[in-house]
Amino acid sequence: MSTLEIRDLHVEVETESGPKEILRGVDLTVSSNETHAIMGPNGSGKSTLAYSIAGHPKYTVTKGQVLLDGEDVLEMAVDERARAGLFLAMQYPVEVPGVSMSNFLRSAATATRGEAPKVRHWVKEVKGAMSDLDIDPAFAERSVNEGFSGGEKKRHEVLQMALLKPRIAVLDETDSGLDVDALRVVSKGVNDYKATSDVGILLITHYTRILRYIAPDRVHVFVNGRVAESGGPELAEELETNGYERFTDTAESTKEEQPA
Amino acid sequence: MTDTPAASTGGGSTTAPGAAVLDVDPGIKTASSPKIAPWEERHTSYDVESFEVPRGREEQWRFTPLRRLRGLHDGSASIDGAIGVSVRAGFGDSATDLTGSGTRHETVGPDDPRRGDGGIPADRVAAQAWSSVEQVHVVTVNEARSDDEPLTITVTGPGAGSTAYAHLQLRLERHAEAVVVLDHRGSGTIAANTEFVVADGAKLEVVEVHDWADDAVYVGAQHLSVGRDATIRHTSVTLGGDLVRLSPVINYRAPGGDVELDGLYFADGGQHFEQRLLVDHSIPHCRSRVMYKGALQGAERGTAAHTVWIGDVLIRKAAEGTDTYELNRNLLLTDNARADSVPNLEIETGEILGAGHASATGRFDDEQLFYLMARGIPEAQARRLVVRGFFGEVIQKVRVPALRDRLEAAIEAELEVVGV
């Protein structure tokens, strides 16, 4: 049983006109076997929340706490957070030329598991996970994300989640840029991992579309750098019908900065 | 091959101060471009006195710290040593003496008629070495050698404090094939001409390694002659030396020539590594590919690591059907390093298959580092993965496994210097 607690989190980024506060007091708790959807308009700070949890150097936490089972995540380096069981599926996965996917996956699995996986078992495990996500085995020898289409990148993010087996996974707009078939494959990958683990999921999205495939237990409306309202799946239905107007009318929207 | 910069970050500056080029694409220049001397005026001669003593302002010399050439450029160097040349079959500990008559090593005088088959000196240092050298090493391959048995030619410097001129010619006769490691080691001050004469239908893969001692100065001209339907893959590796300046020139002799020039260099503080390439497409239906990658780090001995890469590609009016692409990438691992990168492409005919170039110099990519670390990989290991990946394209093409291992180990050792 794991719990990620975010308490009164304030985060700012450096801009040309000085520091700018993006997150303005986020409170959120995600536990094992729960799926929380975070929904909000562009610029509301959703991605900043994702990257701040993962420890991207661009974001400065000015106030608040992030705890994983009581441990202070903000004190950990980026790699330590991953080894502690946090995972971020990125909206814009980074290309790493010259580093093969298979080498990368094995290095990551060795780091997060604390020992190198046995070769024979590992090869089988990777093949199986790739096949579940309809990924051509040839991708194993390609450079990490290099020349991948948007959908291929997202599949590989979910592949990494399946292999690294995090306790808490943050999925940052994993649905964006996917056609219906790709969305179905990616969602199945997430659901398969949910079914075989106790993972707690923070699903960040702009659209309700992905929630038809991945059922949330809780829905949080994210506006202007904080959670404006929380509820059950019915809150997503309301957003589907009425959009974000009810929430944005009362809150001034801020432009969200994202790492390239 | 991608056109992504070797390193870029989401915002802010990605080059160290003084880095000349950041992801530039200077575009295709016309023959009248003021930056390049008109090609018809490019001077070549065996006679040292036909070249003026460089003062440092000349296009050809403007990046080179002349005072560190120890008089190689102005006639004041005094020759008091000699290079050593050994030729062995195989590479590494298992190498053996040459047997049979298919490959032979001769030492001949400077009047040997074969000298100059590769090309003619185009700068004063090369002409000085040409006019002054007393002994010429000729290695001739007249057989199709197996890939499993590369030739290793080891060139050893005259020793610290000594100066020598060198002349080496590697000849591949018609339809000969060879994989060659041309390994430069030791110390001293050396001016050299190296000729690669590859006859019709022959196939040469050569890895030229400059792994000099810290105090060595080496200024070398490489003359590559490409016969009809001949293939050359030349990989240039520069790892050590105080100053290393290499000037390869590709001379096509007949249609069908196919040349790949790869390069890898890793400069530490105090080191000046310079590469000046000229691919002279004077003949129709020839191909060239250039891919040089460099990493720089540190500022020991008070001087920043400095690399210079000049890639001149000329497609002359007669060279219809030319297919060429050149690329240079530089990775600045620390501040205070300087990488100059100048690709030049001049085209005098429109009847070509393709011509392109790319150049990028950037700092270590923090986004790549973040991505790898976000998967649990510790920072030092993540940095190594990225640098290894950066050079991987070049190293993977080297067909001598033991040499690949040595190059990978050399890069690891370089990275440990700055605790990356």
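By convention in this document, chain letters (A, B, ...) are assigned in the order of the sequence lines, proteins followed by strands, and residues within each chain are numbered from 1.
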Residue selection (most heavy-atom pairs with chain A, distance under 4.5 Å) from B:G392, B:A382, B:A374: B:A374
What residue, out of B:L369, B:L385, B:V386, has the most heavy-atom pairs lying under 4.5 Å from chain A? B:L385
Exactly one of B:L246, B:V244, B:D268 should register a side chain to side chain contact (heavy atoms under 4.5 Å, CB included) with B:F273. Which one does? B:V244
Selection from [options] maximising heavy-atom pairs under 4.5 Å formed with chain B:
| options | result |
| --- | --- |
| A:T112, A:V99, A:L105 | A:V99 |
| A:A84, A:A109, A:S107 | A:S107 |
| A:L88, A:T110, A:N103 | A:L88 |

Residue B:E379 versus chain A: region with a heavy atom under 4.5 Å: backbone
Hey, what do you get for [atom1] ([X]) to [atom2] ([Y]), rounding to the nearest 0.5 Å?
| X | Y | atom1 | atom2 | value |
| --- | --- | --- | --- | --- |
| A:K20 | A:I22 | NZ | CD1 | 5.0 Å |
| A:S131 | A:L133 | OG | CG | 8.5 Å |
| B:Y325 | B:M291 | OH | CE | 11.0 Å |

For the pair B:H272 and B:H306, name the ring-plane relationship: parallel under 30°, tilted 30 to 60°, perpendicular over 60°. perpendicular
Could you name the residues of residues 149-169 of chain A that have a heavy atom within less than 4.5 Å of a heavy atom in chain B?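 Those residues of residues 149-169 of chain A which have a heavy atom under 4.5 Å from chain B are A:E157, A:Q160, A:L164.
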Suppose a student defines contact as a heavy atom less than 4.5 Å from any heavy atom of chain B. Which residues in residues 135-145 of chain A would they list?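 Under the 4.5 Å heavy-atom cut-off, A:V144, A:N145 qualify.
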With salt bridge (Lys or Arg N to Asp or Glu O under 4.0 Å) as the criterion, how do B:E408 and B:R388 come out once you've worked through the C-alpha distance, each side chain's angles and the decisive distance to 0.1 Å? CA-CA 8 Å; B:E408 277 167 3; B:R388 247 190 256 148; over 6 Å; no
Any side-chain donor paired with an acceptor under 3.5 Å for A:T35 and A:K194?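 Distance-only check passes for A:T35 and A:K194.
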Indicate yes or no: does [X] engage [Y] in a salt bridge with an N to O separation below 4.0 Å.
| X | Y | result |
| --- | --- | --- |
| B:E367 | A:K58 | no |
| A:K46 | A:E173 | yes |
| B:D323 | B:R289 | yes |

Quick one, A:F87 and B:R375 - any side-chain contact, counting heavy atoms below 4.5 Å?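 In contact.
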Applying ring pair (Phe, Tyr, Trp, His ring centres under 6.0 Å), run through B:F390 and B:F266 and close with a yes or a no. CA-CA 12 Å; B:F390 176 71; B:F266 204 131; 9.3 Å; no
